[in-house]
Amino acid sequence: MTDLTRREQIAAGLAEVEARIAGACRAAGRGREELTLVAVTKTYPASDVRILSGLGVRDVGENRDQEAAAKAAETAGLPLTWHFVGQLQTNKVRSVLGYADVIHSVDRIRLVTALSREADRVGREATCLVQVALDDDPSRGGARPGEVPALADALAGARGLRLGGVMAVAPLGEEPDKAFARLRELAQAVRERHPGAEIISAGMSGDLAAAVANGATHLRIGTALLGRRKPFVR
Ligand SMILES: *Cc1c(COP(=O)(O)O)cnc(C)c1O
């Protein structure tokens with residue numbers, strides 16, 4: 001496949017995603033400028049990141065540190081903001097803070113402590129979101145809703161970190177609209193205590209309209225932009 005073909009494919013994916021976002025914004029009475037599109041590039045090569053950047057995408061997301069670190073290094077110099085959206089182990093914190101500006105997946109106090117210590121050590125500020133598990137299955141990451149206030153307070157008070165808001169993945173087997181409505185309530189409660197925490201990271205390829213309808217500010221879109229990922233290849 002030539003680069004041109006791949007560029008055309010990605011441009012078509014981007015146009016379709018933008019059309020869906022525009023439709024969702026119209027339906028919800030919101031403006032496109034209220035939303036940040038994060039292109040989730042996991043399993044796809046750095047060359048795709050370069051193409052996305054050339055098409056005007058400014059935010060990219062990854063869920064595994066090793067892959068993300070390599071891609072960020074390969075595309076250094078492009079005007080990109082890197083988002084880390086995957087489950088994060090404390091022993092990866094140093095590496096992740098080397099490239100990520102926004103970490104969507106903070107779900108326990110130990111992680112706040114580790115991130116803060118490292119951000120403070122290297123003298124940079126990272127924006128962190130509290131990831132919430134919207135079902136009772138924390139195996140995919142995320143804090144229980146009851147743990148969100150304490151995590152938000154901890155992030156807000158941590159040196160080197162900025163509390164950005166909240167993030168969630170819609171649970172399987174539930175209307176995304178219902179799940180994202182709960183996320184919006186949690187986000188509002190966080191914002192009452194921390195007015196700067198305005199980010200709601202919700203919405204993937206299959207449920208972006210429900211996310212837009214429920215106040216999302218950041219959409220994390222992979223498949224609809226880049227195509228279906230190969231199973232078992234991560
Ligand atoms: C892979 C991933 C996405 C993108 O999902 P698509 O369905 O491919 O759009 C979004 N968020 C997280 C946390 C992911 O791991």
Side-chain angles (χ1 to χ4, degrees), residues 9-10 12-21 23-24 35-46 48-49 51-52 55 57-69 71-72 80-89 92 96 99-108 111 127-135 137-143 164-177 179-180 183 186-187 199-234:
Q9 275 182 350
I10 295 176
L14 181 59
E16 192 169 322
V17 166
E18 284 294 346
R20 286 175 61 196
I21 295 174
L35 288 147
T36 300
L37 170 62
V38 180
V40 178
T41 50
K42 64 190 184 198
T43 79
Y44 287 101
D48 281 2
V49 175
I51 290 170
L52 284 162
L55 292 167
V57 170
R58 291 289 167 264
D59 294 85
V60 290
E62 288 280 337
N63 72 336
R64 287 178 68 243
D65 170 58
Q66 217 182 353
E67 184 183 344
K71 252 178 255 184
L80 292 170
T81 296
W82 287 85
H83 298 251
F84 190 82
V85 305
Q87 288 187 47
L88 180 53
Q89 307 303 320
K92 302 288 188 185
V96 167
Y99 55 86
D101 305 288
V102 188
I103 296 165
H104 291 231
S105 46
V106 179
D107 60 2
R108 56 203 189 277
L111 198 47
T127 295
C128 293
L129 311 183
V130 177
Q131 183 180 351
V132 195
L134 293 174
D135 53 12
D137 175 17
S139 71
R140 293 194 299 164
V166 297
M167 176 274 215
V169 176
L172 298 168
E174 186 189 4
E175 281 294 321
D177 204 49
F180 289 150
L183 180 64
L186 287 163
I199 295 177
I200 301 179
S201 170
M204 316 200 321
S205 293
D207 54 24
L208 74 84
V212 172
N214 286 286
T217 63
H218 286 58
L219 304 171
R220 308 178 310 268
I221 310 293
T223 308
L225 286 172
L226 296 170
R228 286 185 69 156
R229 293 176 292 274
K230 291 195 183 69
F232 309 119
V233 178
R234 310 224 301 157

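Position 1 is the first residue of the sequence, and the numbers go up from there. All figures in this text were calculated on a predicted structure; none of them were measured in a lab. When a ligand or atom number is given, it counts from 1 through the structure's own listing order.
- Contacts classified as side chain to side chain donor-acceptor pair (under 3.5 Å) and involving residues 165-174 (residues at least two apart or in different chains) are given here: E174-R182.
- Environment of CD in Q66: sparse, with no more than 12 heavy atoms of neighbouring residues, nucleotides or ligands closer than 6.0 Å.
- Between the side chains of T41 and E62, at least one donor N or O sits under 3.5 Å from an acceptor N or O.
- Between L14 and V57, some side-chain heavy-atom pair lies under the 4.5 Å cut-off.
- A donor-acceptor distance shorter than 3.5 angstrom exists from the side chain of T217 to the backbone of I200, with no hydrogens or angles considered.
- A 4.5 Å side-chain heavy-atom check between L37 and E18 finds at least one atom pair inside the cut-off.
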Would you mind writing out a table of all protein N or O atoms found under 3.5 Å from any N or O atom of ligand 1, naming both atoms and giving the distance to 0.1 Å?
from: ligand 1; atom 1: 8 (O); to: T223; atom 2: N; distance (Å): 2.8
from: ligand 1; atom 1: 8 (O); to: T223; atom 2: OG1; distance (Å): 2.5
from: ligand 1; atom 1: 8 (O); to: R229; atom 2: NH1; distance (Å): 2.8
from: ligand 1; atom 1: 8 (O); to: R229; atom 2: NH2; distance (Å): 3.1
from: ligand 1; atom 1: 9 (O); to: S205; atom 2: N; distance (Å): 3.0
from: ligand 1; atom 1: 9 (O); to: S205; atom 2: OG; distance (Å): 2.5
from: ligand 1; atom 1: 9 (O); to: G222; atom 2: N; distance (Å): 2.8
from: ligand 1; atom 1: 11 (N); to: R220; atom 2: NE; distance (Å): 2.9
from: ligand 1; atom 1: 15 (O); to: K42; atom 2: NZ; distance (Å): 2.6

